[in-house]
Amino acid sequence: MTFIHATSVPATDALAEHGVHRVATPEALSLIRRADCAGAIWERQPLPSFNRWIDDLAPDHLPKARMILPVVRVSEALQEITGACGTPKGPARDLLVDDISALAAIFAEIMRVDYLRLRLDVVRGNACRKFHIDAVTARLVCTYRGTGTQYGIANEGRDPDRISTVPRGSPIMLRGTRWPVTPELNLRHRSPPIEGSGETRLVLVLDPIIDPDEETISHTLH
């Protein structure tokens, strides 16, 4: 598999703050299945050349998509999406397509599904700024441009006392309210508020789909 990172960040083996494991390999995201784990982050450092490339893209040329599709068609679909959005061809675009395709395959394997809901959101404002838990079994979020997802422990309707931010380029898997057994950790997350900052984020969101005929596309941004 091809990824955008130069190196993975060494991770501790112990459970970190907020009930979130920090792991050093993508396969270790499967720790989400541990009873005491509400989330898992694969910490990695994207290639500087990739960061420069995606930061220099005009927002209108960032890939945007919302679809339900088989995992085996993700790479093909991304080629079509990036082409339609005017994302420039080249090694960096290939890395982006390969990275998303690889994360989709890993996520689908962990969740034991053949279909995914895939979203690529270009975010310029305060999308989904309230801390919450998603109404899914689990979700993978990876921010390729801009500030990463924020998370912390809080009761419903409140902000966490301590807020952590997922590193850019590092995918996080989070349990949702439909997970069969959810630890009582009250781990909540949100899209960082960026209104008025001039920042543009590119965010990948993956949800598992059991029966694509019964699913509708969510309009919640993260």
Side-chain angles (χ1 to χ4, degrees), residues 1-5 8 20-21 23-35 37-44 62-85 87 93-122 128 132-144 148-149 166 169-183 187 189 191 202-222:
M1 294 181 177
T2 303
F3 293 105
I4 63 166
H5 70 289
S8 292
V20 177
H21 282 276
V23 302
T25 66
E27 294 79 13
L29 290 170
S30 61
L31 285 174
I32 194 72
R33 293 192 168 276
R34 280 180 49 160
C37 181
I41 300 172
W42 174 28
E43 291 195 320
R44 57 184 186 165
L62 292 169
K64 299 174 285 293
R66 295 184 177 219
M67 62 181 64
I68 292 173
L69 75 171
V71 179
V72 295
R73 287 205 62 245
V74 169
S75 180
E76 175 188 351
L78 289 170
Q79 294 289 355
E80 296 174 1
I81 292 162
T82 52
C85 292
T87 310
R93 190 179 92 170
D94 293 341
L95 272 177
L96 179 63
V97 169
D98 290 346
D99 193 80
I100 296 173
S101 301
L103 290 181
I106 291 164
F107 181 67
E109 182 176 358
I110 292 171
M111 298 305 299
R112 301 166 187 165
V113 295
D114 295 321
Y115 283 80
L116 297 173
R117 179 185 292 113
L118 182 151
R119 288 172 23 212
L120 279 168
D121 292 327
V122 178
C128 201
H132 64 283
I133 303 174
D134 296 310
V136 295
T137 51
R139 172 167 286 176
L140 183 146
V141 183
C142 184
T143 303
Y144 287 99
T149 299
V166 181
S170 295
I172 180 171
M173 274 192 67
L174 293 156
R175 288 188 184 185
T177 58
R178 297 179 185 174
W179 189 271
V181 179
T182 302
L187 177 66
H189 64 281
S191 176
L202 176 64
V203 185
L204 168 71
V205 180
L206 298 174
D207 296 333
I209 298 297
I210 303 298
D211 185 350
D213 293 331
E214 295 183 358
E215 294 290 337
T216 57
I217 296 179
S218 168
H219 295 284
T220 303
L221 295 178
H222 291 270

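What you are looking at is a predicted structure, and each value in this text was computed from that prediction instead of being measured. The figures that follow rest on heavy atoms only: side chains count, while hydrogens, waters and symmetry mates do not.
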Write down the atom of [X], the atom of [Y], and the distance for their closest heavy-atom approach.
X	Y	answer
Thr87	Leu62	OG1-C, 4.1 Å
Leu95	Ile4	O-CG2, 3.7 Å
Ala77	Leu69	CB-CD1, 3.6 Å
Ser101	Leu78	OG-CD1, 3.7 Å
Ile133	Arg175	CG2-O, 3.9 Å
Lys64	Cys85	N-SG, 3.5 Å

Quick one: are [X] and [Y] in side-chain contact, heavy atoms under 4.5 Å?
X	Y	result
Met67	Arg117	no
Val203	Arg119	no
Leu29	Ile172	no
Phe3	Pro26	yes
Arg66	Asp121	yes
Val71	Glu109	no
Ile106	Trp42	no
Val166	Val141	no

Pairing of Asp207 and Arg178 as salt bridge, 4.0 angstrom limit:
no

Kindly say whether [Y] contributes a backbone atom to a donor-acceptor pair with the side chain of [X] at under 3.5 angstrom?
X	Y	result
Arg33	Ile110	yes
Arg139	Val205	no
His21	Gly39	no

What distance do [X] atom [atom1] and [Y] atom [atom2] have between them, rounded to the nearest 0.5 Å?
X	Y	atom1	atom2	value
Leu118	Arg73	CG	CZ	11.5 Å
Ile32	Trp179	CD1	CH2	6.0 Å
Leu204	Ile100	CG	CD1	5.0 Å
Leu116	Ile68	CG	CD1	10.0 Å
Met111	Ser30	CE	OG	11.5 Å

Within the 3.5 Å criterion, strictly below it, is a donor on His5 or Asp99 matched to an acceptor on the partner's side chain?
no

I'd like to know whether CG of Asp94 has more than 12 heavy-atom contacts from other residues, nucleotides or ligands below 6.0 angstrom.
yes

Might you work through the side chain to side chain contact (heavy atoms under 4.5 Å, CB included) test for Cys37 and Met173, ending with a clear yes or no?
CA-CA 10 Å; Cys37 181; Met173 274 192 67; over 6 Å; no

